[in-house]
Amino acid sequence: MSVIVSFKGRKMEMPLQGGDTLRDLVNRCEAETGVPSDRIKLLASGVMMKDLNASLIHYGIKSGSKIMMMGDNAPTPTGPRPTAVPKPSTPPMTPEQTAIHKLSEIDASLAKTIMPLVEEYTDSATAYTSQESSNDTHITAKKLKDGHARVSELILQTLLKVDEVLVGENDELRMRRKDAVRRCNALLDRVDAVKESVKAFDKSKM
């Protein structure tokens, strides 16, 4: 049994045993990437896997499953924090208001930041693979690879923000969060498909 873990544009095949837990997979990711296990976050089907002691089967992971990894080697900042400037007091938001606010911010980010980047990446890839523009030196395979990594990372960060939204028993907010996850996954599938088309084009020129 093995799964495919994507990390910053890199795809890694991870061999697993049927009874392996999330912790086992995290440890393998640490060994493969050098990212400390406590900084690794894994998503399957847009859902954050959090219980390290749970079996991978519990999360619906099977052979061939695709998993997204996030994490970095950046050290935790140390030293005194700057003194915060007091702000005028405002009434605290209710949990429901907080969830609405966060989901609205996520919607705005998808529409105003991520979607334009996805369109830009897609247009560049289309120009690169078109016969008319295949010799355009302004668009290179490396630029497209970097563009894919950048866009994918932004989408994954957005998925993390969605996962952190607490919606409680509010059905309407649950649906909004579920829709945000669906849109993020659709964008990931789109940019991954474009990346594969670029790879196929490059192979055809060899």
Side-chain angles (χ1 to χ4, degrees), residues 3-12 29 32-35 39-49 65-74 77 98-167 173-205:
V3 297
I4 305 299
V5 178
S6 298
F7 177 58
K8 294 185 176 180
R10 175 185 173 193
K11 292 186 182 295
M12 303 167 287
C29 290
E32 185 70 25
T33 64
V35 177
R39 296 182 182 275
I40 292 176
K41 298 181 185 296
L42 299 176
L43 298 91
S45 301
V47 177
M48 177 76 66
M49 298 186 288
S65 290
K66 295 181 179 179
I67 296 172
M68 299 291 178
M69 170 181 160
M70 292 192 69
D72 58 61
N73 291 305
T98 300
I100 293 172
H101 177 70
K102 289 182 177 180
L103 288 171
S104 296
E105 285 186 331
I106 289 168
D107 288 340
S109 176
L110 285 171
K112 297 179 181 179
T113 302
I114 295 178
M115 273 302 301
L117 289 174
V118 171
E119 294 295 343
E120 179 183 351
Y121 170 68
T122 302
D123 290 344
S124 296
T126 300
Y128 177 76
T129 57
S130 66
Q131 292 183 355
E132 295 83 1
S133 305
S134 59
N135 294 322
D136 188 345
T137 57
H138 296 291
I139 304 174
T140 64
K142 183 180 185 307
K143 285 185 178 180
L144 290 174
K145 181 179 180 181
D146 292 343
H148 175 271
R150 178 190 176 198
V151 175
S152 296
E153 186 75 9
L154 285 174
I155 298 172
L156 286 172
Q157 289 174 0
T158 302
L159 274 171
L160 287 176
K161 292 179 181 178
V162 175
D163 184 71
E164 292 170 353
V165 177
L166 303 177
V167 298
L173 291 178
R174 281 183 176 181
M175 290 301 297
R176 282 190 62 181
R177 186 173 68 176
K178 184 176 180 180
D179 182 63
V181 170
R182 178 190 60 78
R183 284 184 289 156
C184 287
N185 282 330
L187 290 174
L188 276 175
D189 289 342
R190 179 177 174 185
V191 296
D192 283 348
V194 173
K195 177 185 176 183
E196 291 303 316
S197 70
V198 171
K199 288 174 62 177
F201 175 76
D202 286 338
K203 287 183 179 179
S204 70
K205 296 194 300 181

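A quick note: this is a predicted structure, and the numbers were derived from the prediction, not measured.
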So, do [X] and [Y] sit near enough that their side-chain heavy atoms are less than 4.5 Å apart?
| X | Y | value |
| --- | --- | --- |
| Thr33 | Met12 | yes |
| Asp163 | Leu159 | no |
| Cys184 | Leu110 | yes |
| Thr122 | Arg190 | yes |
| Glu153 | Met70 | yes |
| Val151 | Glu120 | no |
| Ile67 | Met49 | yes |
| Val194 | Thr126 | no |

Between Ser152 and Ala149 (side chain of the first, backbone of the second, donor and acceptor by atom type, cut-off under 3.5 Å), is there such a pair?
no
Donor-acceptor contact below 3.5 Å, side chain Ser109 vs main chain Ile106
no
Crowded around Leu166 CG? As in, over 12 foreign heavy atoms under 6.0 Å?
no
Hey, is CE on Met175 packed in by over 12 heavy atoms from elsewhere, all under 6.0 Å?
no
Apply side-chain contact (heavy atoms from CB on, under 4.5 Å) to Asp107 and Arg183, showing your working.
CA-CA 10 Å; Asp107 288 340; Arg183 284 184 289 156; 2.5 Å; yes
Which heavy atom of [X] sits nearest a heavy atom of [Y], and at what distance?
| X | Y | result |
| --- | --- | --- |
| Val5 | Cys29 | CG1-SG, 4.1 Å |
| Tyr121 | Leu144 | CE1-O, 3.2 Å |
| Phe201 | Tyr128 | CE2-O, 3.5 Å |
| Ala111 | Pro116 | O-CD, 3.4 Å |

Between Asp202 and Val198, is a side-chain contact (heavy atoms from CB on, under 4.5 Å) present by the stated rule, with each step listed?
CA-CA 6 Å; Asp202 286 338; Val198 171; 3.9 Å; yes
Spacing of [X] atom [atom1] and [Y] atom [atom2] [to the nearest 0.5 Å]:
| X | Y | atom1 | atom2 | value |
| --- | --- | --- | --- | --- |
| Asp146 | Lys142 | CG | NZ | 4.0 Å |
| Leu173 | Lys102 | CG | NZ | 12.5 Å |
| Lys199 | His148 | NZ | NE2 | 9.5 Å |
| Leu103 | Arg177 | CG | CZ | 8.0 Å |
| Asp189 | Lys66 | CG | NZ | 7.5 Å |
| Ser6 | Asp192 | OG | CG | 6.5 Å |

What do the steps show when you test Asp179 against Arg182 for salt bridge (Lys or Arg N to Asp or Glu O under 4.0 Å), and what is the final call?
CA-CA 5 Å; Asp179 182 63; Arg182 178 190 60 78; 2.6 Å; yes
